[in-house]
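For reference, the structure discussed in these notes is given below.
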Number of protein chains: 2
Amino acid sequence: MFAERGYAATTIDEICAAVPTSKRTFFRYFADKEALVFPNRRGRLARFQELLAAVRPDQSPFDVFRTVTSLFAAEYTENREQLLAQQRLIAQSPELLAREREIDSDWEREIAASFVRRMPPGESGPWLADVLAGAVMGTVRATMRHWYADDGQADLESLGLEAIDYLERGFVFSRQEPDA
Amino acid sequence: MFAERGYAATTIDEICAAVPTSKRTFFRYFADKEALVFPNRRGRLARFQELLAAVRPDQSPFDVFRTVTSLFAAEYTENREQLLAQQRLIAQSPELLAREREIDSDWEREIAASFVRRMPPGESGPWLADVLAGAVMGTVRATMRHWYADDGQADLESLGLEAIDYLERGFVFSRQEPDA
DNA sequence: GTACAAATGCCACTGAGTGGCATTTCAGTT
DNA sequence: AACTGAAATGCCACTCAGTGGCATTTGTAC
């Protein structure tokens, strides 16, 4: 229904009439309208947590994220069409975009928690882990944007791994030469 | 009123009664309730655009951001109390947190636009600029979180510049030695 | 003082989300 | 099959954010 009429144009009353069920029952199963677009949010986050925890503890944050990137790249490539449809829906509504960022923020917290365990102990450990997690999530978001903008044609794993390399080794690139 | 009763607990009707004005007039001046907490959003973004545009075009993205960081660090330190109060307000409401992320997202777009002009021309230019902008905004957000968590005691400029150094040179740090 | 435009107020409305309570459904028991 | 307690569902009324339409006020130029 969202795909046909648009997210905002579809009221919860209409959805309930179509199921059919009562609005009251709807809100017992979904926290709000947005939850329809991001199903099983808790479960996905929990699984992400487990994935992070499963990586060997002596692996660096970057190795952790390379592992996770390859895993998710495969999964997202598998479900490409579904994800593209979801993204088309999200793109048309500021609320949904906001909710997507909120979810990313949850994931970023998990990344930071995973990183802090792998940091050298010391004063700046938590701070550094947090900054790195922020940078990682930033690159992931940018990468996903490009993949979506490209209709999922690009190789997601390559993009992700390249972005991680930039973070690990620094963003070095030839400076723009004036008049060269 | 938000500070006294909390954001969610203060209705627009109450605000209008206090001013006093009508609810209809309120919505002619503010797009929504959240706009009260983030005043002059357009103006701030426009000023940020100008700051980015004012930096010499041969400066690298990192130099751009060092300049901007120093500027904002000074300004934020100046208005420390006000910012802390605003942050306390934002922290209590998911809606406001979402709005803050939305604003950050706008700023990230501007950063990316500024970076892409300073990138070496070529295929991966826009993609790299976007990824870097994402990483930058990620570190900025993490940095601000730490500054807020620290009640604005830390030296914001040092934190910001340090984070930029990490991005430019790569996140290198001694690996955790097992049993060393 | 008149005329015109902009700002404001008023009213009714939609749509998301909640609280309270009655009713149904369903499982286990005898 | 009838009974019982709990969970699921439905129904109704409500709050609050936000919008549309229209009348009224305010201010300003002449």
Side-chain angles (χ1 to χ4, degrees), chain A residues 1-46 85-107 109, chain B residues 1-46 82 85-107:
Chain A
M1 289 176 69
F2 286 157
E4 290 168 17
R5 311 186 205 181
Y7 176 76
T10 309
T11 73
I12 292 184
D13 283 333
E14 288 170 341
I15 296 168
C16 290
V19 175
T21 187
S22 76
K23 194 172 65 158
R24 203 66 192 78
T25 301
F26 173 90
F27 281 110
R28 280 198 194 90
Y29 287 87
F30 299 96
D32 43 43
K33 192 181 175 186
E34 281 133 44
L36 283 177
V37 184
F38 303 99
N40 195 21
R41 180 174 160 188
R42 288 158 80 84
R44 287 170 183 274
L45 181 63
Q86 187 195 31
Q87 200 58 27
R88 275 191 293 271
L89 193 59
I90 294 171
Q92 54 168 294
S93 156
E95 291 169 73
L96 294 178
L97 286 165
R99 182 58 64 105
E100 191 186 36
R101 280 188 292 262
E102 186 181 320
I103 293 171
D104 289 346
S105 175
D106 289 341
W107 288 45
R109 247 190 305 279
Chain B
M1 290 175 69
F2 286 156
E4 290 168 17
R5 311 186 206 182
Y7 176 76
T10 308
T11 71
I12 292 185
D13 283 334
E14 288 170 343
I15 296 168
C16 290
V19 175
T21 187
S22 76
K23 194 172 65 157
R24 204 67 194 78
T25 302
F26 173 90
F27 280 109
R28 282 198 192 90
Y29 286 88
F30 300 95
D32 43 44
K33 194 181 175 186
E34 280 132 44
L36 282 177
V37 184
F38 302 99
N40 195 22
R41 181 174 160 188
R42 287 159 81 82
R44 287 172 183 274
L45 181 62
Q82 188 194 332
Q86 188 196 28
Q87 200 58 26
R88 274 191 294 271
L89 193 59
I90 294 172
Q92 54 168 291
S93 157
E95 291 169 71
L96 294 178
L97 286 165
R99 183 58 65 104
E100 191 185 34
R101 280 188 290 263
E102 186 181 318
I103 292 171
D104 288 346
S105 175
D106 289 342
W107 288 46

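In what follows, chains are A, B, ... by sequence order, proteins preceding strands, each numbered from 1. The structure presented is a predicted model; accordingly, all values stated were derived computationally and were not measured.
- Scanning atom types as modelled, one donor and one acceptor separated by under 3.5 angstrom connect the side chain of B:K23 and the base of D:dG18.
- One interatomic measurement links the two molecules: CZ of A:F30 to C1' of C:dT18, which rounds to 18 Å at whole-angstrom precision.
- Applying the 4.0 Å criterion to OP1 and OP2 of D:dG10, one finds that A:T25 has a side-chain N or O inside that range.
- A straight line from CD1 of B:I12 to C1' of D:dT19 spans 12 Å, rounded to a whole angstrom.
- A:R101 CZ to B:E102 CD: the interatomic distance, rounded to the nearest 0.5 Å, is 5.5 Å.
- A sub-4.0 Å separation between OP1 or OP2 of C:dG9 and a side-chain N or O of B:T21 is present.
- The nearest whole Å value for the distance from the CZ atom in B:F26 to the P atom in D:dA17 is 9 Å.
- Using a cutoff of 4.0 Å between basic side-chain nitrogens and carboxylate oxygens, A:E14 and A:R5 are scored as salt-bridged.
- Counting only heavy atoms from C-beta on, B:T11 has its side chain closest to D:dA17 among C:dT8, D:dA17, C:dA16.
- In this structure, CD1 in A:I12 is found 4.5 Å from CZ in A:F26, a value given to the nearest 0.5 Å.
- Residue contacts shown for B:Y29 are limited to sugar-phosphate atoms, with no base heavy atom under 4.0 Å away.
- For the pair A:Y7 OH and C:dA16 C1', the interatomic distance rounds to 10 Å; values are reported in whole Å.
- When the C1' atom of C:dC10 is taken as reference, atom CZ of B:F27 falls 15 Å away, rounded to whole Å.
- Distance B:R99 CZ to D:dA17 P: 14 Å, rounded to the nearest Å.
- Note that NZ of B:K33 and CZ of B:F2 are 5.5 Å apart. Values are rounded to the nearest 0.5 Å.
- At whole-Å resolution of the value, CG in A:L36 and C1' in C:dG17 are 14 Å apart.
- Annotation: the span from A:R41 atom CZ to A:I103 atom CD1 amounts to 4.5 Å, rounded to 0.5 Å.
- Per the geometry, CD belonging to A:E95 stands 12 Å off C1' belonging to D:dG18, to the nearest Å.
- On a pure distance criterion of 3.5 Å, a polar donor-acceptor pair joins the side chain of A:R24 and the base of C:dG19.
- Side-chain atoms of B:K33 lie closest to D:dG18 of the nucleotides C:dG17, C:dG9, D:dG18.
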